[in-house]
Amino acid sequence: MATAPPSRDALDTEVVGRRVVQYGLDVLISALIVLPLTLLVGIGANSDSGTTAWAVLAGLLCGLLTLFWYWVLRPVGTGQTWGMRLLGLRVVRADRSPLTTRDAVARLLLLVVDGPVGLIAMRLSARRQRLGDVVAGTLVVRDRRVLRADGGACDVAAGPPAGRVSW
(Lines give C-alpha, C1' and ligand atoms only; values in the text may rest on other atoms or scores of the structure.)
Protein backbone atom coordinates (compact mmCIF):
# COMPACT_ATOMS: atom_id res chain seq x y z
CA MET A 1 0.00 0.00 0.00
CA ALA A 2 1.52 3.31 -1.06
CA THR A 3 1.53 6.24 1.32
CA ALA A 4 0.86 9.76 0.21
CA PRO A 5 3.93 11.96 -0.10
CA PRO A 6 4.28 14.60 2.63
CA SER A 7 2.47 17.84 1.92
CA ARG A 8 4.55 20.83 0.92
CA ASP A 9 3.40 22.51 4.12
CA ALA A 10 4.50 19.64 6.39
CA LEU A 11 7.57 20.15 8.54
CA ASP A 12 9.85 17.12 8.73
CA THR A 13 10.74 16.73 12.41
CA GLU A 14 11.85 13.09 12.14
CA VAL A 15 15.47 14.03 12.71
CA VAL A 16 16.35 12.64 16.16
CA GLY A 17 19.42 10.72 14.96
CA ARG A 18 20.70 13.74 13.06
CA ARG A 19 20.16 15.91 16.14
CA VAL A 20 22.30 13.62 18.27
CA VAL A 21 25.14 13.73 15.72
CA GLN A 22 24.63 17.49 15.26
CA TYR A 23 24.95 18.10 18.99
CA GLY A 24 28.24 16.18 19.07
CA LEU A 25 29.54 18.20 16.10
CA ASP A 26 28.49 21.47 17.72
CA VAL A 27 30.21 20.58 20.98
CA LEU A 28 33.38 19.76 19.02
CA ILE A 29 33.17 22.97 16.99
CA SER A 30 32.55 25.00 20.17
CA ALA A 31 35.58 23.43 21.80
CA LEU A 32 37.74 24.19 18.76
CA ILE A 33 36.63 27.82 18.89
CA VAL A 34 37.15 28.23 22.64
CA LEU A 35 40.38 26.19 22.86
CA PRO A 36 42.63 28.99 21.52
CA LEU A 37 41.15 31.33 24.14
CA THR A 38 41.94 28.78 26.83
CA LEU A 39 45.53 28.53 25.61
CA LEU A 40 45.85 32.32 25.72
CA VAL A 41 44.56 32.30 29.28
CA GLY A 42 47.18 29.73 30.20
CA ILE A 43 49.91 31.87 28.66
CA GLY A 44 48.62 34.97 30.45
CA ALA A 45 48.25 33.16 33.76
CA ASN A 46 51.88 31.97 33.63
CA SER A 47 53.32 35.41 33.08
CA ASP A 48 55.24 37.16 35.85
CA SER A 49 53.44 40.45 35.31
CA GLY A 50 50.97 39.91 38.15
CA THR A 51 47.99 39.89 35.81
CA THR A 52 47.06 36.25 36.36
CA ALA A 53 43.59 36.94 37.76
CA TRP A 54 42.81 39.44 35.00
CA ALA A 55 44.01 37.06 32.30
CA VAL A 56 41.85 34.25 33.67
CA LEU A 57 38.83 36.56 33.96
CA ALA A 58 39.33 37.94 30.44
CA GLY A 59 39.73 34.44 29.00
CA LEU A 60 36.64 33.20 30.80
CA LEU A 61 34.61 36.17 29.60
CA CYS A 62 35.81 35.75 26.00
CA GLY A 63 35.02 32.04 26.13
CA LEU A 64 31.51 32.62 27.49
CA LEU A 65 30.81 35.34 24.94
CA THR A 66 32.04 33.10 22.15
CA LEU A 67 29.81 30.25 23.30
CA PHE A 68 26.87 32.66 23.61
CA TRP A 69 27.48 33.82 20.04
CA TYR A 70 27.73 30.26 18.71
CA TRP A 71 24.74 28.73 20.53
CA VAL A 72 22.42 31.79 20.67
CA LEU A 73 23.25 34.70 18.36
CA ARG A 74 24.33 32.70 15.32
CA PRO A 75 21.20 30.52 15.21
CA VAL A 76 18.96 33.61 15.59
CA GLY A 77 20.10 34.92 12.22
CA THR A 78 20.11 31.62 10.36
CA GLY A 79 18.20 29.05 12.42
CA GLN A 80 21.39 26.99 12.34
CA THR A 81 24.60 26.33 14.18
CA TRP A 82 27.42 25.09 11.97
CA GLY A 83 26.66 21.51 13.03
CA MET A 84 23.03 21.96 12.00
CA ARG A 85 24.06 23.38 8.66
CA LEU A 86 26.37 20.44 7.99
CA LEU A 87 23.58 17.96 8.76
CA GLY A 88 20.75 19.80 7.02
CA LEU A 89 18.83 20.88 10.12
CA ARG A 90 17.19 24.18 11.04
CA VAL A 91 15.42 25.55 14.14
CA VAL A 92 12.13 27.33 13.55
CA ARG A 93 9.34 28.48 15.81
CA ALA A 94 6.31 26.18 15.82
CA ASP A 95 4.45 28.81 13.77
CA ARG A 96 7.32 28.70 11.22
CA SER A 97 8.57 32.17 12.08
CA PRO A 98 12.33 32.67 12.59
CA LEU A 99 14.01 31.85 15.87
CA THR A 100 14.21 34.79 18.31
CA THR A 101 16.97 35.54 20.80
CA ARG A 102 14.62 34.69 23.69
CA ASP A 103 13.85 31.31 22.09
CA ALA A 104 17.54 30.57 21.55
CA VAL A 105 18.41 31.49 25.15
CA ALA A 106 15.61 29.25 26.49
CA ARG A 107 16.82 26.36 24.31
CA LEU A 108 20.42 26.83 25.49
CA LEU A 109 19.55 27.07 29.19
CA LEU A 110 17.46 23.93 29.02
CA LEU A 111 20.08 22.10 26.95
CA VAL A 112 22.17 22.01 30.11
CA VAL A 113 19.26 20.34 31.93
CA ASP A 114 18.03 18.18 29.05
CA GLY A 115 20.90 15.72 28.71
CA PRO A 116 19.57 12.16 28.36
CA VAL A 117 16.10 13.39 29.39
CA GLY A 118 16.00 15.48 26.20
CA LEU A 119 16.68 12.41 24.07
CA ILE A 120 13.85 10.54 25.77
CA ALA A 121 11.56 13.57 25.37
CA MET A 122 12.39 13.76 21.65
CA ARG A 123 11.56 10.07 21.16
CA LEU A 124 8.25 10.39 23.03
CA SER A 125 7.17 13.73 21.58
CA ALA A 126 5.01 13.66 18.45
CA ARG A 127 6.96 16.66 17.09
CA ARG A 128 10.34 15.31 18.30
CA GLN A 129 10.92 18.21 20.70
CA ARG A 130 13.30 18.16 23.64
CA LEU A 131 12.35 20.13 26.76
CA GLY A 132 14.11 23.27 25.52
CA ASP A 133 12.11 23.15 22.29
CA VAL A 134 8.82 22.77 24.16
CA VAL A 135 9.55 25.76 26.44
CA ALA A 136 10.83 27.91 23.56
CA GLY A 137 8.03 26.85 21.20
CA THR A 138 10.51 25.68 18.56
CA LEU A 139 11.00 22.71 16.27
CA VAL A 140 14.16 21.31 14.72
CA VAL A 141 13.34 20.37 11.15
CA ARG A 142 15.06 18.98 8.11
CA ASP A 143 16.25 22.05 6.21
CA ARG A 144 14.27 22.41 3.00
CA ARG A 145 16.38 25.15 1.53
CA VAL A 146 18.85 24.41 -1.21
CA LEU A 147 21.50 26.79 -2.38
CA ARG A 148 21.23 27.86 -6.00
CA ALA A 149 24.21 28.41 -8.22
CA ASP A 150 23.81 32.20 -7.88
CA GLY A 151 24.17 31.97 -4.08
CA GLY A 152 20.48 32.44 -3.30
CA ALA A 153 18.26 29.86 -1.61
CA CYS A 154 15.00 28.27 -2.60
CA ASP A 155 12.63 25.81 -0.92
CA VAL A 156 12.16 22.24 -2.06
CA ALA A 157 9.48 19.72 -1.19
CA ALA A 158 9.21 18.95 2.52
CA GLY A 159 10.39 15.71 4.00
CA PRO A 160 12.58 12.90 2.83
CA PRO A 161 12.10 11.39 -0.62
CA ALA A 162 9.63 8.50 -0.76
CA GLY A 163 11.12 5.24 0.42
CA ARG A 164 14.09 6.87 2.13
CA VAL A 165 14.76 5.99 5.74
CA SER A 166 15.15 9.06 7.96
CA TRP A 167 17.96 9.02 10.51
Side-chain angles (χ1 to χ4, degrees), residues 3-37 63-167:
T3 59
S7 113
R8 180 158 173 76
D9 294 331
L11 290 174
D12 183 2
T13 58
E14 292 295 329
V15 292
V16 174
R18 282 180 186 245
R19 288 185 72 175
V20 170
V21 174
Q22 166 263 311
Y23 177 71
L25 276 173
D26 280 329
V27 167
L28 178 64
I29 292 167
S30 297
L32 291 173
I33 292 171
V34 174
L35 184 63
L37 294 172
L64 289 174
L65 288 173
T66 301
L67 291 174
F68 184 78
W69 167 79
Y70 186 80
W71 290 93
V72 174
L73 298 179
R74 187 173 197 304
V76 167
T78 63
Q80 297 176 308
T81 59
W82 286 330
M84 287 180 155
R85 184 176 177 100
L86 287 170
L87 290 171
L89 299 173
R90 182 174 301 276
V91 181
V92 295
R93 293 194 40 78
D95 65 3
R96 298 175 186 234
S97 61
L99 185 69
T100 67
T101 303
R102 183 188 65 78
D103 301 331
V105 168
R107 291 183 82 246
L108 177 63
L109 290 176
L110 285 164
L111 180 61
V112 175
V113 176
D114 266 345
V117 174
L119 184 58
I120 294 167
M122 282 190 288
R123 290 312 257 164
L124 296 177
S125 164
R127 298 172 92 182
R128 304 298 180 229
Q129 294 170 289
R130 64 177 179 81
L131 302 177
D133 292 317
V134 172
V135 169
T138 58
L139 301 169
V140 176
V141 299
R142 189 177 307 270
D143 190 12
R144 300 183 328 170
R145 296 183 195 187
V146 243
L147 294 178
R148 298 186 316 236
D150 64 2
C154 61
D155 284 344
V156 295
R164 181 172 161 202
V165 175
S166 178
W167 62 281

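Model, not experiment: these values are computed from the prediction.
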L87 vs L25, side-chain contact (heavy atoms from CB on, under 4.5 Å): CA-CA, chis, key distance, verdict: CA-CA 9 Å; L87 290 171; L25 276 173; 3.9 Å; yes
Check against side-chain contact (heavy atoms from CB on, under 4.5 Å), E14 and R128: CA-CA 7 Å; E14 292 295 329; R128 304 298 180 229; 3.4 Å; yes
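Atoms CG and CG, from L139 and L89 in turn, are 12.5 Å apart once rounded to the nearest 0.5 Å.
Qualifying side chain to side chain donor-acceptor pair (under 3.5 Å) partners for T100, counting only residues two or more places apart in sequence or in other chains: D103.
In terms of heavy-atom proximity, Q80 sits nearest to D143 at NE2-OD2, 3.2 Å. Among all heavy-atom pairs drawn from R142 and D12, the shortest one is NE-OD2, 2.6 Å.
Under the 4.5 Å side-chain criterion, counting only non-hydrogen atoms from C-beta, L131 is in contact with V117. Between V91 and P75 there is no side-chain heavy-atom pair separated by less than 4.5 Å. V15 has its side chain out of reach of V141: every pair of non-hydrogen atoms, C-beta onward, lies at least 4.5 Å apart.
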Donor-acceptor contacts under 3.5 Å from residues 26-37 side chains, at least two apart:
residue : atom : partner : partner atom : Å
D26     : OD1  : Y70     : OH           : 2.3
D26     : OD1  : T81     : OG1          : 3.0
D26     : OD1  : G83     : N            : 2.8
D26     : OD2  : Q22     : NE2          : 2.4
D26     : OD2  : T81     : OG1          : 2.5
S30     : OG   : D26     : O            : 2.8
S30     : OG   : W71     : NE1          : 2.9

Ignoring hydrogens and angles, write down the donor-acceptor pairs under 3.5 Å from the side chains of residues 104-113, residues two or more places apart or on other chains.
residue : atom : partner : partner atom : Å
R107    : NE   : D133    : OD1          : 2.7
R107    : NE   : T138    : OG1          : 3.4
R107    : NH2  : D133    : OD1          : 3.1

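The closest donor-acceptor contact from the side chain of R90 to the backbone of T78 lies under 3.5 Å. Remark: the backbone N or O of I120 is not paired with any side-chain donor or acceptor of R130 at under 3.5 angstrom.
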